[in-house]
Each structure stands twice: as C-alpha cells, then as structure tokens.
Amino acid sequence: MPELPEVETIRRQLSQKIIGKRLNGQKITDIRRRAKILIVDFADSSSLIFHLKLTGQLIFNGKPSQYTRKVFNFDDGSQLIFNDVRKFGWWKKVKEVKKIEEKFGPEALEIDFKTFRASLKKRPNSKIKPLLMDQKFIAGIGNIYSDEILFASNVRPMRLVKTLVKKESQKILQSIKKILKVAIKHQGSSVEHYLDACGQKGNYVKYHKVYQQKKCSLCDEQIKRIKIGGRSAHFCPKCQK
DNA sequence: ACAATATCCTGCGAGC
DNA sequence: TGCTCGCAGGATATTG
C-alpha cells in the first residue's frame, strides 16, 4: 500500500518526467506530495491531485490493463496511466489545493520533537499505532511503516500514549524519520500491488523486520500478529515492550 | 470529545 | 476440482 515513501518515490520520478509538459493545454509547474497525496500543479494555480489508497498505481508510459482507470495524455505524446484493482484510489482536479493540504497534520519527515511530544500529550488514551496512522496527527504513515517504526522503537503497537516515557517518544520520532528515509532510498515497499512510476517494484520489503514477517531477525522469537482497531499489527513480544 | 467500528472493492488463499 | 467464505487495507462516516 502506498504510504509516504512510495508516494514520494513516485513524486521524484514523475517530476523528472512531466514538469514543463502540458496536460489538456495546461502547463505543469510542479509535483509535490502532502501526506499520501500526490499534487500536480499547473501554471494557472489549479492542481490535479491523486490518492492511491490501497492498490493504486501511477505509471509513466505504462501499458494499459483491465485495471487501468484513467490515462492522462501529455502534449508530447507521453502518458500517465492510473491503475487500481480495488477502486479505492481517486484523482481530482482542484482550483485551490491549499485547503486540502491544511487538513493534514505535520509531515512525518518535518515534525520536530517539541511539536511531536506536545501532540502526544493531547492524546493520552490513544494506542500508539493507530495514532501514528492518523493523518491529522502526523501525515504520511500507514500500516506497514507504523509497524516497522514501532519495532525500531522497541514499543508495542497497543501501548497507550500516556504510558510512554520521554525516551520512548524520542525513539519513536527518531525511528519515524530514519525508517521513512531509508524506505525512500529503496523506492518503498512492494506489498500488494505497489509499483513506482517506472513500473518497478520497491525494494524496502527486504528490510521489513515485523510487517508480515514470521520470526524476529534479532531474537528469533515468533512475530505476533494482532488486530488493533480493525487493522493488523505486527510486533516482536521480546524486543518490544 | 474521544475512540472503536462499519463501509467501500476485488483478488486471493484456505477449507471443505 | 470447484465452490464459498473471509481477509486485506486508507480514510471517512457512523456508532458507542
């Protein structure tokens, strides 16, 4: 499922390919990302925005399939295809994208500890994993990376925020940045259907420590898989407290 | 005001 | 073999 590293990978690839081209006569001036939303800006200050949700793909000059929901044609004959098996993903032309951008919490790669800790204080009774996935709390993290971040932090996903000591909050924020950055470096994680804008798989799956893993790479303990708020959560009962 | 649950959709894997 | 059933998940709406 495309989370921050996957959308960021697509953003970087597409910015090389389509900035300066025209779509329906409109010149593309920039490609940005906010949370898991990809934003294509036009010269007239309107934008085309995408959310890939679970199984969305945006592939430059890709070959259309039965799951292709939309083909965007550029003035030079190149194209961008939007594939989506489960049809949860969407795209939308908007006049004023700022309003949408404002709905999200601070970007995961930009938030500072002071802000992070203050936000945590406001949600004492939340379980940490669902909170990390709350886009209004912090933007960009989904099911895969919340599991990986909490493993790296030695904190169990069901821990209540009010039980976290300062050191643990620090470790969590540190892990958020580290894991997301490394995942971007490896073009994200290809579980389910994710492919980047070149139609390639992301390699970060190789580095997953808990998400859909059987045994802990550090202590050999069986990885536990539980449900938290209707979502799967993976953790090592030995390494995570 | 907060947190938990249902909802959308479709392919896939388990089980009979 | 071939069918049914349940599961996966992001974000929103609804319920508790």
Side-chain angles (χ1 to χ4, degrees), chain A residues 1-11 33-39 49-59 64-70 81-92 94 97 99-109 118-151 156-164 176 179-180 183 188-196 201-202 204-205 208 210-214 223-235:
Chain A
M1 315 122 255
E3 302 180 25
L4 185 152
E6 291 76 26
V7 181
E8 180 62 22
T9 299
I10 292 171
R11 186 197 72 76
R33 180 192 55 76
R34 176 77 172 105
K36 301 172 194 169
I37 290 189
L38 191 74
I39 303 168
I49 65 174
F50 297 88
H51 198 309
L52 302 177
K53 290 284 181 98
L54 306 180
T55 55
Q57 303 173 334
L58 270 175
I59 303 178
S65 71
Q66 59 170 315
Y67 302 118
T68 299
R69 310 296 176 197
K70 179 77 179 173
I81 66 167
F82 186 100
N83 298 331
D84 192 8
V85 170
R86 289 185 202 167
K87 298 181 176 174
F88 283 11
W90 50 261
W91 63 90
K92 197 160 53 171
V94 293
V97 73
K99 277 188 192 137
I100 293 161
E101 292 184 65
E102 281 166 0
K103 291 195 307 183
F104 298 106
E107 280 292 319
L109 287 175
S119 306
L120 284 175
K121 271 231 160 75
K122 289 182 195 158
R123 304 289 293 273
N125 295 312
S126 288
K127 288 170 181 161
I128 185 64
K129 175 178 161 91
L131 191 59
L132 291 181
M133 291 168 63
D134 181 344
Q135 303 303 301
K136 291 188 186 70
F137 179 80
I138 184 169
I141 301 168
N143 211 31
I144 298 171
Y145 294 103
S146 57
D147 277 356
E148 296 300 321
I149 287 161
L150 289 171
F151 175 80
R156 295 192 183 197
M158 65 291 247
R159 280 276 295 281
L160 294 183
V161 166
K162 64 186 171 194
T163 70
L164 297 173
I176 286 173
I179 286 187
L180 295 178
S189 304
S190 281
V191 295
E192 297 264 339
H193 296 250
Y194 172 74
L195 295 178
D196 67 22
K201 289 188 174 187
Y204 192 70
V205 202
H208 287 185
V210 283
Y211 186 80
Q212 292 183 348
Q213 303 300 301
K214 295 211 158 45
I223 297 299
K224 276 232 155 101
R225 185 168 185 274
I226 58 168
K227 286 262 183 188
I228 300 176
R231 292 286 168 263
S232 68
H234 308 73
F235 69 99

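None of the values given here were measured: they were computed from a predicted structure. In what follows, every chain begins at residue 1, and chains take the letters A, B, ... in the order their sequences are listed. Only this structure's heavy atoms are used, side chains among them; waters, hydrogens and symmetry mates stay out.
Note on K36(A): a side-chain N or O is less than 4.0 Å away from OP1 or OP2 of dA11(C). Contact annotation: K87(A) reaches the phosphate of dT10(B) (side-chain N/O to OP1 or OP2, under 4.0 Å). The phosphate of dT10(B) has neither OP1 nor OP2 within less than 4.0 Å of any side-chain N or O from Y67(A). Neither OP1 nor OP2 of dC9(B) sits under 4.0 Å from any side-chain N or O of K53(A). The phosphate of dA11(C) (OP1 or OP2) has a side-chain N or O of H51(A) nearer than 4.0 angstrom. Taking only side-chain nitrogens and oxygens, K227(A) comes nearer than 4.0 Å to OP1 or OP2 of dA8(C). Residue S232(A) places at least one side-chain N or O under 4.0 Å from the OP1 or OP2 atom of dG9(C).
Closest heavy-atom contact between L54(A) and R86(A): CD1-NH1, 4.2 Å.
Residue whose closest nucleotide on DNA chain B sits further toward the 5' end, between N125(A) and R231(A): N125(A).
Closest to the side chain of N143(A), out of dA8(C), dA3(B), dG9(C), is dG9(C). Of the candidates dG10(C), dT10(B), dT12(C), the closest approach to any side-chain atom of K136(A) belongs to dT12(C).
Rounded to an integer number of Å, the gap from CG of D134(A) to P of dA1(B) is 16 Å. Between the CD atom of Q212(A) and the P atom of dC12(B) there is a distance of 15 Å, rounded to whole Å. Straight-line distance from the CG atom of N83(A) to the P atom of dG11(B): 13 Å, rounded to whole Å. At whole-Å resolution of the value, CG in L54(A) and P in dG11(B) are 14 Å apart. Distance CH2 (W91(A)) to P (dA11(C)): 18 Å, rounded to an integer number of Å. Here dT12(C) presents its P atom at 13 Å from CE of M133(A), a figure rounded to the nearest Å. Rounded to whole Å, the distance from CH2 on W90(A) to C1' on dG10(C) is 11 Å. Rounded to whole Å, atom P of dC2(B) lies 7 Å from atom CZ of R123(A).
Note that CG of N83(A) and CD of Q66(A) are 10.0 Å apart. Values are rounded to the nearest 0.5 Å.
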Can E8(A) and R11(A) be said to form a salt bridge (Lys or Arg N to Asp or Glu O under 4.0 Å), step by step? CA-CA 5 Å; E8(A) 180 62 22; R11(A) 186 197 72 76; 2.9 Å; yes
Checking E107(A) against R34(A) for the salt bridge (Lys or Arg N to Asp or Glu O under 4.0 Å) test, could you report, in this order, the C-alpha distance in whole Å, the side-chain angles of both residues, the deciding distance, and whether it holds? CA-CA 7 Å; E107(A) 280 292 319; R34(A) 176 77 172 105; 3.0 Å; yes
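Taking the six-membered ring for Trp and thresholds of 30 and 60 degrees, H208(A) and Y145(A) have ring planes more than 60 degrees apart, a perpendicular arrangement.
Between the base of dG11(B) and the side chain of R86(A) there is no donor-acceptor pair shorter than 3.5 Å.
Among the atoms of the strands shown, only primed sugar atoms or phosphate atoms (P, OP1, OP2) are found under 4.0 Å from some heavy atom of Y211(A).
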